[in-house]
Amino acid sequence: MLGAALAASAVRRPPRPGVAPLPADFRWGVALAGVQSEGHCPDSNWRRYSEQHAPTVSDEIGDTADWFCHVEEDVARAKDLGIGTFRYSVEWARTQPAPGELDPEGFAFYDKVIDTIEATGLKPMITLDHWVYPGWLADRGGWLCDDVVELWLQHARRVVERYAGRDVTWITINEPGIYVGFERRNRKLGRMEVGTMKRRLVEAHRGAYALVKSLDPGALVTSNIAYLPAPLNLIDDRWFFDQTIDTMDFLGIDYYYGLSVGNPTVVNDLVGRLWRIRTQPDGLLHALRIYHRKAPHLPIWIVENGICTDNGKPRSDGLTRSDHLLDHLYYLQRAADEGIPVMGYNYWSLTDNYEWGSYRPRFGLYRVDVLTDSAKTRHETDGVATYRAAIARNGVPEGYRPVRREAWGSPAAPWSTTLGRLTHQ
Ligand code: BGC
């Protein structure tokens with residue numbers, strides 16, 4: 001009986017809906033971050049973690065993808081994709097090598113970055129803190145230093161003052177929750193210390209928001225959250241997101257992984273085997289619904305999304321960078337069709353880079369064999385042509401159907417991903 005009923009519902013099930021192109025003013029971008037990409041690293045918490053082989057580290061940073069010496073050509077590559085926004089970070093460690101001492105050369109590098117971005121017709125998205133602070137602050141305890149918020153805000157002020165009026169979109173602190181996680185493991189922070197760091201990150205974000213509002217009025221500000229598969233996100237949101245939502249001009253969400261009964265592979269994250277995680281594109285739609293419900297008044301920008309390979313090899317599940325990208329855009333467009341105000345999407349990352357302790361996970365649209373190629377040659381992946389074409393048409397090709405099956409039994413949407421899927425796929 002049940003078999004017959006299921007068979008009948010399978011026959012009757014409506015086709016998955018097609019999706020409309022994203023709005024004409026949708027913002028397309030790429031993202032990278034200082035210590036992960038620049039090379040020629042000044043003394044910082046991360047340079048030390050790398051050199052001292054801290055708990056999360058297997059490879060030393062070295063000169064990574066050498067963005068420091070490839071600015072013009074990488075910005076040209078980004079432009080050639082058709083994007084409008086280039087996200088990068090301005091490293092405190094490079095601009096202030098010692099307490100009370102600023103490095104004009106460090107600022108000159110970031111001046112060159114923003115000048116190049118502007119000259120190419122792109123707009124900058126600047127992250128003030130992508131998990132890196134100067135070595136001298138590490139000596140004083142990093143986020144446990146009593147003056148850290150004041151010192152951090154001085155860094156923020158210098159950067160905002162310098163680049164105000166240049167059409168910057170500001171990200172204060174990248175993924176606060178993951179930042180705390182790395183600091184906890186690499187500095188062996190205790191429970192109380194973790195609490196202190198969390199409180200200070202909230203304070204720093206709020207201070208930076210006020211700074212931008214006074215120094216660069218009209219510019220958009222947020223702090224991007226890493227989407228932790230539901231229901232973990234609800235717990236994690238309590239200490240940062242829920243405390244800062246009144247100081248966000250848009251929601252910046254980094255979506256990488258989902259979690260469901262049918263796909264628990266996200267546990268590979270705990271041991272750094274990111275390439276073994278089976279990505280869950282429909283989870284992006286669930287994430288967007290959840291955050292739209294939380295903050296219906298705010299538009300949403302996916303400020304990071306991407307997939308990693310094991311050292312650039314084809315993935316064992318057969319999914320290509322191109323499939324992954326289109327599958328996610330499909331669900332982004334579904335969200336837009338539902339009326340969720342999605343305003344932008346950044347691909348993480350333009351090139352392979354230092355994945356916080358290892359070069360093995362490769363996220364780049366361009367492959368760079370950092371450990372074996374001293375010239376740091378950029379090799380185009382299949383994601384490049386796909387992203388270019390998607391941007392040109394503002395979405396997936398007409399009639400596109402995702403390659404990856406929808407999740408089964410996701411806590412983010414229990415009804416539609418269990419019983420509902422029998423009738424809605
Ligand atoms: C971070 C990036 C990281 C990426 C891929 C995000 O959590 O912001 O720095 O490289 O995910 O793991």
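By convention here, the first residue in the shown sequence is residue 1. Atoms within each ligand, like the ligands themselves, are counted from 1 in listed order.
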His130 heavy atoms within 4.0 Å reach ligand 1 at atoms 1 (C), 2 (C), 8 (O), 9 (O)

Is Asn174 close enough to touch ligand 1? Criterion: a residue heavy atom under 4.0 Å from a ligand atom. yes

Strictly below 4.0 Å, N to O, side chains only: are Glu338 and Arg334 in salt-bridge contact? no

Among all the protein's non-hydrogen atoms, which is closest to atom 12 (O) of ligand 1, and how far away is it? Glu355 OE2, 2.7 Å

To which protein heavy atom is atom 1 (C) of ligand 1 closest, and what is the distance rounded to 0.1 Å? Glu304 OE1, 3.3 Å

Apply the side chain to side chain donor-acceptor pair (under 3.5 Å) test between Arg404 and each candidate in Asp282, Asp327, Asp317, Asp323; give the one that qualifies. Asp317

Considering heavy atoms of the protein only, find what lies nearest to atom 4 (C) of ligand 1 and give residue, atom and distance to 0.1 Å. Tyr256 OH, 3.4 Å

Do Trp348 and Asp254 have side-chain N/O donor and acceptor atoms under 3.5 Å apart? no

Examine Tyr354 together with Tyr359 and report whether their ring centres are nearer than 6.0 Å. yes

Contact atoms of ligand 1, heavy-atom distance to Gln36 under 4.0 Å: 2 (C), 3 (C), 9 (O), 10 (O)

Apply the ring-ring contact (aromatic ring centres under 6.0 Å, His included) test between Trp131 and each candidate in Tyr49, Trp356, Trp46; give the one that qualifies. Trp356

Looking only at N/O atoms, are Glu175 and ligand 1 under 3.5 Å apart anywhere? yes

Applying side-chain contact (heavy atoms from CB on, under 4.5 Å) to Leu137 and Val148, what does each step give before you reach the verdict? CA-CA 8 Å; Leu137 186 70; Val148 64; 3.8 Å; yes

For a salt bridge (charged side-chain N to carboxylate O under 4.0 Å, His left out) check, start with the C-alpha distance between Asp103 and Arg94, then their side-chain angles and the critical distance, and finish with the verdict. CA-CA 7 Å; Asp103 183 358; Arg94 191 178 291 289; over 6 Å; no

Close-contact set for ligand 1 against Trp131 heavy atoms, below 4.0 Å: 1 (C), 7 (O)

Mark up the atoms of ligand 1 that fall under 4.0 Å of a heavy atom belonging to Phe363, in ascending order. 5 (C), 12 (O)

